[in-house]
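Positions are given from 1 along the sequence.
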Amino acid sequence: QVQLVESGGGLVQAGGSLRLSCVASGRTFSSYAMGWFRQAPEKEREFVAAVSWTGIMTLYSGSVKGRFTISRDNAKNTVYLQMNSLKPEDTAVYYCAADLQGRLRSVPRNTGSDYEYWGQGTQVTVSS
């Protein structure tokens with residue numbers, strides 16, 4: 001069983017920055033690929049970013065590439081999402097997720113069904 005707890009969400013003006021954190025339980029965090037997804041009201045969940053178990057490979061959606069950066073600290077069992085140049089359309093609940101098969105994959109995945117565990121989410125609101 002893996003527990004994921006996100007933090008760092010909040011209200012920010014357009015153009016501002018936030019850093020989300022996700023702390024995972026368990027002793028094998030370093031073998032998981034990790035992802036961030038988001039869901040806006042009345043919209044489907046969408047992929048934001050993912051990082052491989054090594055931290056070397058990253059993947060981003062086109063809408064956030066160049067503005068968001070995903071990273072991980074395996075010593076702290078934590079994955080981060082640095083969000084810069086935020087836009088009102090980034091407003092959503094942000095979820096982190098763990099892919100326990102990450103060590104078997106050459107690149108991290110952008111499909112929610114590949115992730116077995118999910119956090120409870122943290123709200124990000126960007127005002128115009």
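Within the model, atoms CD of Gln82 and CG of Leu18 stand 8.5 Å from one another, a figure rounded to the nearest 0.5 Å. Atoms CD and OG, on Glu89 and Ser128 in that order, are 10.0 Å from each other to the nearest 0.5 Å. Remark: Tyr60 OH to Leu81 CG distance equals 7.5 Å, nearest 0.5 Å.
Remark: the backbone N or O of Ser85 is paired with a side-chain donor or acceptor of Arg67 at under 3.5 angstrom. Not a single donor-acceptor pair under 3.5 Å links the side chain of Thr111 to the backbone N or O of Ser113. When atom types are taken as modelled, the side chain of Thr78 and the backbone of Asp73 share no donor-acceptor pair closer than 3.5 angstrom. Using a distance-only test at 3.5 Å, with no hydrogens or angles considered, no donor-acceptor pair links the side chain of Asn77 to the main chain of Val23. Ser52 contributes a side-chain N or O that, together with a main-chain N or O of Met57, makes up a donor-acceptor pair within less than 3.5 Å. Between the side chain of Arg45 and the backbone N or O of Tyr95 there is no donor-acceptor pair closer than 3.5 Å. No side-chain donor-acceptor contact under 3.5 Å links Glu6 to the backbone of Ser21.
Contact annotation: the side chain of Gln101 never approaches that of Arg109 to less than 4.5 Å [non-hydrogen atoms, C-beta and beyond]. Thr69 is not listed as a side-chain neighbour of Tyr80, based on a closest heavy-atom distance of 4.5 Å or more.
Within the 6.0 Å centre-distance limit, the rings of Phe37 and Tyr115 are counted as a close aromatic pair.
Residues that satisfy the side-chain hydrogen bond (donor to acceptor under 3.5 Å, both in side chains) test with Arg103, not counting sequence neighbours, are absent from this structure.
For the residue pair Ser17 / Asn84, a side-chain donor-acceptor distance below 3.5 Å is found, with atom types taken as modelled.
Nearest heavy-atom pair, Gln120 versus Val5, reported as atom, atom and distance to 0.1 Å: OE1-CA, 3.8 Å.
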